[in-house]
Amino acid sequence: MNKPRASIFDGDADDIDVSAFAPKTASDPAAPPAEEVRAIAEAANFPSREVKRQPMAPAAIAAPAPAPVQALPAKREPRRHRTGRTAQFNARTTPDTVEAFYAIADQQGWLVGETVEHALAALQRELKGQGRGAKPGSA
């Protein structure tokens, strides 16, 4: 029951018969035609991964594309620096907040983590000056 495994190093490489291995020359004769497969798939509501291209009318080619309502901002270059900061902090904000945050970091020449630290220190100073239980903006 336990046969030793054949070694790839035993014997001569010329002894190997590879004549049974050959590329297929024709399609499988038992395979159904592509049109029949497509009809069955469409009847079963099977979604196709192929892009359905519709012919464009000449007027559609000449008409300019509608302008996007809001263009996405350009992608920022990655900011990678060895700082010793190892904890990650993620928060959902508005795009305007993110842009303002990065603008401050760029103006001051701070790293993103350093900007968070400065913002936290400023918030702590502001809250300390307001006294206990005061809400921001309720002065």
Side-chain angles (χ1 to χ4, degrees):
M1 190 152 130
N2 289 336
K3 291 169 63 175
R5 220 175 199 180
S7 172
I8 60 170
F9 301 108
D10 287 346
D12 193 5
D14 295 334
D15 295 344
I16 300 173
D17 181 22
V18 292
S19 61
F21 297 99
K24 290 184 179 180
T25 55
S27 63
D28 186 7
E35 297 81 24
E36 183 180 337
V37 172
R38 183 172 288 115
I40 293 170
E42 287 175 359
N45 292 327
F46 186 81
S48 173
R49 293 185 182 180
E50 293 181 9
V51 177
K52 291 183 180 178
R53 299 193 185 259
Q54 297 178 355
M56 294 177 60
I61 295 172
V69 175
Q70 182 180 10
L72 294 175
K75 190 167 182 167
R76 261 187 289 289
E77 290 293 319
R79 299 170 183 236
R80 294 188 182 103
H81 304 278
R82 296 198 184 271
T83 62
R85 294 178 184 98
T86 58
Q88 187 169 344
F89 177 76
N90 296 309
R92 291 207 177 261
T93 65
T94 62
D96 293 338
T97 302
V98 172
E99 289 302 317
F101 182 83
Y102 278 104
I104 292 170
D106 291 339
Q107 286 171 351
Q108 299 299 320
W110 295 336
L111 303 176
V112 174
E114 190 177 5
T115 307
V116 171
E117 292 169 356
H118 284 290
L120 180 60
L123 181 59
Q124 288 172 333
R125 283 191 307 271
E126 182 180 327
L127 292 176
K128 188 183 288 184
Q130 289 181 358
R132 228 174 156 192
K135 293 182 182 175
S138 62

Interatomic distance, CZ@Phe46 vs CD1@Ile40, rounded to 0.5 Å, equals 12.5 Å
ILVMFWY cluster, Ile104 and Val98 together (side-chain gap under 4.5 Å): no
Yes or no on side-chain contact (heavy atoms from CB on, under 4.5 Å) for Tyr102 and Thr115, after CA distance, side-chain angles and deciding distance?
CA-CA 9 Å; Tyr102 278 104; Thr115 307; over 6 Å; no
dist Glu99:CD -> Asp106:CG (nearest 0.5 Å) comes out at 9.5 Å
Is there a side-chain contact between Glu114 and Thr83 in this structure, where contact means two heavy atoms from C-beta onward sitting under 4.5 Å apart?
no
ask   = Are any of the side-chain heavy atoms of His118 and Gln108 separated by less than 4.5 Å?
value = no
Inset, instruction - Please say whether more than 12 non-hydrogen atoms of neighbouring residues, nucleotides or ligands are located less than 6.0 Å from CZ in Arg38. - result: no
Value for CZ (Arg125) from CG (Leu120), rounded to nearest 0.5 Å, stands at 10.0 Å
